[in-house]
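Just below is one structure, and these are the notes that go with it.
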2 protein chains.
Amino acid sequence: MTDLFPKKGHDHDRCIDSAIAQAEKVCEAESARFTDMRRKVFSLIWQSHKAVTAYELLDILQSEGLRVQPPTVYRALEFLTDLRLVHRIESLNAYFGCDQPDCDHLGQYFICTKCGRVAEAVDEDMSIAVRKAAKQVAFKIEATTIEIKGLCHDCTTH
Amino acid sequence: MTDLFPKKGHDHDRCIDSAIAQAEKVCEAESARFTDMRRKVFSLIWQSHKAVTAYELLDILQSEGLRVQPPTVYRALEFLTDLRLVHRIESLNAYFGCDQPDCDHLGQYFICTKCGRVAEAVDEDMSIAVRKAAKQVAFKIEATTIEIKGLCHDCTTH
DNA sequence: TCAAGAAATGATATATTATAACATATCACC
DNA sequence: GGTGATATGTTATAATATATCATTTCTTGA
Ligand SMILES: [Zn+2]
Ligand SMILES: [Zn+2]
Ligand SMILES: [Zn+2]
Ligand SMILES: [Zn+2]
């Protein structure tokens with residue numbers, strides 16, 4: 001069994017720092033501005049490995065005294081998802097931080113229904129199967145949404 | 001190349017009749033009541049092979065003079081999706097009719113971004129790849145959302 | 001350095017999607 | 001026909017998302 005979800009008790013500050021460092025690099029490469037608001041939203045998303053909704057982010061920002069409205073949050077989310085620094089989970093209307101934004105793939109997401117964590121997989125066999133199925137029916141893929149809900153390893157054993 | 005999306009000019013009345021006949025059978029088998037409202041909503045969904053939103057259904061029902069409110073539509077949709085007669089497309093917040101409700105599978109949906117049609121696939125290789133990937137990371141699957149957006153064969157050639 | 005245009009955010013309003021809660025009607029069964 | 005269960009009606013509101021225009025901040029080049 002390989003790890004996909006981070007271990008309990010891992011050093012999550014390192015996850016956050018690494019994610020921010022990567023984001024800075026991506027923005028730099030794209031000549032995109034990693035503004036305070038975008039950085040703030042990105043950090044909030046990375047506070048956990050769970051997916052977080054736009055209005056949860058809004059509540060946090062407002063609770064910190066910022067006079068932020070929904071469009072501000074959605075704009076930051078659009079910026080981050082366009083750069084693939086953040087992914088939207090369609091079946092949750094929620095967003096979570098990508099830990100491999102440099103990877104050019106059809107993403108697959110494992111979502112634990114017990115602990116709420118999300119993990120992104122880069123499974124080549126899945127991608128191949130999807131592309132093969134599409135080819136068989138002469139379908140030209142533009143985007144895929146592959147979201148797998150269930151119990152993560154930790155949640156089946158604890 | 002095998003067909004997945006129905007041919008243009010096919011006899012869609014047959015699709016509708018067949019879907020309703022199947023739905024009646026499923027409801028019978030489950031001792032579930034295929035009431036007028038549920039039948040009406042189901043028929044509306046089957047007016048095309050596109051996915052349709054709850055509020056589009058509501059508008060149609062109201063335009064026909066029925067005094068229907070959102071909960072009525074959502075209840076019918078819940079009934080139909082529970083029986084797997086209708087599937088929800090998460091990335092569209094929309095619903096479309098299943099043409100193989102008897103099949104016990106992890107569904108995969110091809111969604112044409114040009115013509116709007118949706119087709120359900122039952123691709124065993126895709127299911128195997130998903131189950132294998134889950135097994136590798138000791139993830140216990142409860143449900144899957146596999147939605148593939150792009151251009152159907154008709155829309156790439158016409 | 002600062003003027004002009006571009007980009008980002010603020011602010012207000014509203015659209016879209018979905019559900020809670022309780023009342024009424026209909027159905028299945030005895 | 002009475003009774004409990006199921007379905008629908010009705011009203012209100014929650015949750016998610018976007019349109020529009022004003023203001024601020026940034027970039028860039030004279
Ligand atoms: Zn972490
Ligand atoms: Zn878990
Ligand atoms: Zn048809
Ligand atoms: Zn098409």
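Chain identifiers are assigned alphabetically (A, B, ...) following the order of the sequence lines, protein sequences preceding nucleic acid strands; residue numbering begins at 1 within each chain.
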Please test B:Thr145 against B:Ser91 for side-chain contact (heavy atoms from CB on, under 4.5 Å), starting from the C-alpha separation and ending with a verdict.
CA-CA 9 Å; B:Thr145 300; B:Ser91 60; over 6 Å; no
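The interatomic distance linking A:Asp82 (CG) with C:dA7 (C1') rounds to 15 Å, in whole Å. Rounding to whole angstrom units, CG of residue B:Asp36 and P of C:dA25 are separated by 17 Å. Between A:Leu92 atom CG and C:dT17 atom P there is a gap of 18 Å when expressed in whole angstrom units. Per the geometry, CZ belonging to A:Phe79 stands 15 Å off P belonging to D:dC26, to the nearest Å. As rounded to whole Å, 17 Å separates atom C1' of D:dT8 from atom NZ of B:Lys40. B:Glu28 has its CD atom 12 Å from the P atom of C:dA28, to the nearest Å. For the pair A:Arg88 CZ and D:dT16 P, the computed distance is 10 Å after rounding to whole Å. If you take CG of B:Asn93 and C1' of C:dA18, they are 10 Å apart, rounded to a whole angstrom.
A centroid separation of less than 6.0 Å is found between the aromatic rings of A:Tyr109 and A:Phe96.
Closest approach to the B:Thr72 side chain among C:dA8, D:dT8, D:dT16 is made by D:dT8 (side chain taken as heavy atoms from C-beta onward). With C:dA11, C:dA18, D:dG9 as the candidates, the nucleotide lying closest to the side chain of A:Arg67 is C:dA11. Checking D:dA7, C:dA18, D:dT10 against the side-chain heavy atoms of B:Arg38 singles out D:dA7 as nearest. Each of C:dT12, C:dA18, C:dT9 was ranked by its minimum atom distance to the side chain of A:Gln69; first place goes to C:dT12. Among the nucleotides D:dG9, D:dT11, D:dA19, the one closest to the side chain of A:Pro71 is D:dA19.
Taking 4.0 angstrom as the limit, A:Arg33 places none of its side-chain polar atoms (N or O) nearer than this to OP1 or OP2 of C:dT9. The shortest distance between the side-chain N/O atoms of A:Tyr74 and the OP1/OP2 oxygens of D:dT18 is not below 4.0 Å. Side-chain nitrogen and oxygen atoms of B:Thr35 include at least one within less than 4.0 Å of the OP1 or OP2 phosphate oxygen of D:dT8.
Remark: B:Arg117 engages B:Asp154 in a salt bridge, criterion side-chain N to carboxylate O under 4.0 Å.
Here B:Arg75 lies in heavy-atom contact (under 4.0 Å) with a base.
By the 6.0 Å and 45° rule, B:Arg39 does not stack over the aromatic ring of B:Phe34.
Two residues are said to be in side-chain contact when any heavy atoms from C-beta on lie closer than 4.5 Å; B:Lys149 and A:Ile141 fail this criterion.
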